[in-house]
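Written below as structure tokens is the structure these notes are about.
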There are 2 protein chains.
Amino acid sequence: MTESAPSASRQAQKERTRQAILASALELSHEKGFAQVSLRQVSRHAGVVPTAFYRHFESMDQLGLALVEQSFSTLRRMIRDAQRDPHVFDNIIDAAADVLVEAVKQSKAHFAFVARERVGGPEVVRTAIRHELDLFVSELAVVLARLPNIENWSTEDVQMVSRLFVRNMVSNAEEVVEMPDGRPDLEEQIKEGARRQMRLIVVGFRDWRS
Amino acid sequence: MTESAPSASRQAQKERTRQAILASALELSHEKGFAQVSLRQVSRHAGVVPTAFYRHFESMDQLGLALVEQSFSTLRRMIRDAQRDPHVFDNIIDAAADVLVEAVKQSKAHFAFVARERVGGPEVVRTAIRHELDLFVSELAVVLARLPNIENWSTEDVQMVSRLFVRNMVSNAEEVVEMPDGRPDLEEQIKEGARRQMRLIVVGFRDWRS
DNA sequence: GAAATGAGTGAACATGCGTACACTCAAAGT
DNA sequence: ACTTTGAGTGTACGCATGTTCACTCATTTC
């Protein structure tokens, strides 16, 4: 980023370039997967010479890890916001389906990144994503454990339901991401599917009592 | 494959080289993903000069499609064998869990390929895999529809259960594939998880009746 | 047995890559 | 005002890649 603003505090400009690199990597990853994106391509797309890349990340792997971090912080913020919404308590399922579809649509790029690189990315990136998802399962379990019908379940059961929910979230996120752009009907269909699946999990669990 | 057997019918030798290329691609894909494997690497690993590659596949994309085909024919053979096993009828769930884990262990490479390239691979490969999985959902639906408790369900419900089963199969296959080698305990754990999840789906569906 | 076929060879090419190095030249620190 | 700092530049390198082309020579065809 040679000089777009006439001047900016030195570190502000640096941060701006850093974000440009991150955004470029995210965008380029969408077409062919992070692993096929080269350092030179990212730099070029960010409007910077390849060597400048190293001022911000010491390798493409590190860039990948930064993207994982960015993606999950986005995800976490959304879940936190959703929890504040009071109507989540009386109908978690519909709310979750709504939140999921909306969240994925809003930051499609990050969700796509996680879904793709979780299995297709470089080793270090895959590991980081798995770790974050495991964390996320535990976090969700805490939230779930406070819910009316669930509060007297065993820890393992709650953990398992949480795992199923996250797994379904990932699967549904994959679907939303693959969704063509101007098709709100498909979106509703996926939402409905997500609702059904979650209801299935909850109903199944209640009638089964581990 | 210059000449390993002193002589072999011309086309037999060609087929052998073809298989060597397929096997090499599968093996190399396991470490870094199909998309990062180069034509030259595959050729080298198959013991053949790069130009010879073109005698068998017109591009890496075509090689990828051939691998998809090979993987799914493996998968289908396994399901067909499993259906012959009579005890599948009285307890589909446990049987399915067994079959899944066993099948995945036996042809780990192919399952890993499908799981990875389904989301991480080149466009054409992803499309092919999705298509095969959709087919597979429909095929499984036919099998399920014949089952005792399910025969009077609506077509959509059967299709949806089938989709859930396949989705779970894929997820569990991912887990088995990621499983370290000498850990039969983990294996049993995954099997148990698969059993629970499938039971959940079935129980949930029965008590819900669409 | 001579001719045709075609799987596999080997050299050559243009291109894109990651990284090293010496550099510029404003902003920040003094 | 001066020096120092460090984000971004430009050149140059060695290397792996996909694809081309003219080739060999054992097997198949006649």
Side-chain angles (χ1 to χ4, degrees), chain A residues 1-25 27-29 31-67 121-125, chain B residues 1-25 27-29 31-67 121-125:
Chain A
M1 228 38 140
T2 29
E3 26 61 66
S4 28
S7 101
S9 96
R10 212 158 155 138
Q11 52 173 323
Q13 184 56 29
K14 176 169 187 184
E15 181 57 21
R16 217 195 269 177
T17 304
R18 193 188 130 97
Q19 291 305 325
I21 292 177
L22 283 165
S24 299
E27 189 183 332
L28 294 173
S29 297
E31 295 156 22
K32 26 183 189 169
F34 179 74
Q36 351 286 331
V37 178
S38 72
L39 186 152
R40 286 177 108 106
Q41 282 169 357
V42 174
S43 311
R44 204 179 305 139
H45 192 275
V48 134
V49 103
T51 35
F53 177 96
Y54 293 107
R55 300 278 180 204
H56 303 272
F57 304 96
E58 72 175 21
S59 66
M60 282 296 281
D61 274 2
Q62 295 303 311
L63 209 206
L65 292 182
L67 280 173
E123 169 79 37
V124 282
V125 173
Chain B
M1 227 37 138
T2 29
E3 25 67 59
S4 30
S7 102
S9 95
R10 210 159 166 157
Q11 54 173 322
Q13 183 56 27
K14 177 169 186 183
E15 181 58 22
R16 219 196 266 176
T17 303
R18 193 189 131 96
Q19 290 306 324
I21 292 177
L22 284 165
S24 298
E27 189 182 331
L28 293 174
S29 297
E31 295 156 21
K32 25 180 188 171
F34 179 74
Q36 351 286 332
V37 177
S38 71
L39 186 152
R40 284 177 109 106
Q41 283 168 357
V42 174
S43 310
R44 203 179 306 137
H45 192 276
V48 134
V49 101
T51 34
F53 177 96
Y54 292 107
R55 300 277 180 203
H56 303 273
F57 304 97
E58 72 175 22
S59 67
M60 283 295 281
D61 274 1
Q62 294 304 311
L63 210 207
L65 292 182
L67 279 173
E123 168 80 36
V124 282
V125 172

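To find a chain, count down the sequence lines: A is the first, B the second, and so on, and within it residues start at 1. Quick note: numbers below take in every heavy atom, side chains included, and nothing from hydrogens, waters or symmetry partners.
Side chain of Thr17(B), nearest nucleotide from dT9(C), dG8(C), dA7(D): dG8(C). Proximity note for Val49(B) (side chain, C-beta onward) versus dT17(D), dT28(D), dT9(C): the nearest is dT9(C). Comparing dG8(C), dA12(D), dG6(D) against the side chain of Gln13(B) picks out dG8(C) as the nearest. Checking dG8(D), dG18(C), dG8(C) against the side-chain heavy atoms of Leu39(A) singles out dG18(C) as nearest.
Remark: Gln36(B) CD to Gln41(B) CD distance equals 9.5 Å, nearest 0.5 Å.
Within 4.0 Å (heavy atoms only), Ser59(A) reaches no atom of the nucleic acid at all. Residue Arg44(B) is in sugar-phosphate contact alone, with no base atom involved, counting any heavy-atom pair closer than 4.0 Å across all strands shown.
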Derivation and outcome, side-chain contact (heavy atoms from CB on, under 4.5 Å), residues Thr17(A) and Phe53(A): CA-CA 9 Å; Thr17(A) 304; Phe53(A) 177 96; over 6 Å; no
Residue pair Val42(A), Phe34(A): steps toward the side-chain contact (heavy atoms from CB on, under 4.5 Å) verdict: CA-CA 10 Å; Val42(A) 174; Phe34(A) 179 74; over 6 Å; no
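Heavy-atom nearest nucleotides on DNA chain D were determined for Pro50(A) and for Arg40(B), and the one closer to the 5' end corresponds to Pro50(A). Taking for each of Tyr54(A) and Arg55(B) the nucleotide of DNA chain C with the nearest heavy atom, the 5'-most of the two is the partner of Arg55(B). Heavy-atom nearest nucleotides on DNA chain C were determined for Arg10(B) and for Glu58(A), and the one closer to the 5' end corresponds to Arg10(B).
Within the structure, a side-chain polar atom (N or O) of Ser38(A) is placed less than 4.0 Å from OP1 or OP2 of dC17(C). Distances shorter than 4.0 Å separate none of the side-chain N or O atoms of Gln11(B) from OP1 or OP2 on dT27(D).
Remark: P of dA16(D) and CZ of Phe53(B) are 20 Å apart, rounded to the nearest angstrom. Rounded to whole angstrom, the span from the NZ atom of Lys14(A) across to the P atom of dA28(C) amounts to 14 Å. Remark: C1' of dG8(D) and CZ of Arg16(A) are 15 Å apart, rounded to the nearest angstrom. Protein atom CD of Gln41(A) is 8 Å distant from nucleotide atom P of dG18(C), rounded to whole Å. In this entry the distance linking NE2 of His45(A) with P of dC17(C) reads 14 Å, nearest Å. Between the CD atom of Gln36(B) and the C1' atom of dG18(D) there is a distance of 17 Å, rounded to whole Å. Separating the NE2 atom of His56(A) from the P atom of dT9(D) is a distance of 9 Å, rounded to the nearest angstrom. The distance from atom CZ of Phe57(A) to atom P of dG8(D) is 12 Å, rounded to the nearest whole Å.
Between the side chains of Gln19(A) and Lys14(A), no donor-acceptor pair of N or O atoms lies under 3.5 Å.
Other residues, nucleotides and ligands place no more than 12 heavy atoms under 6.0 Å from the CD atom of Gln11(B).
Checked by distance alone, Thr51(A) brings a side-chain donor or acceptor within 3.5 Å of a matching partner on the base of dG10(D).
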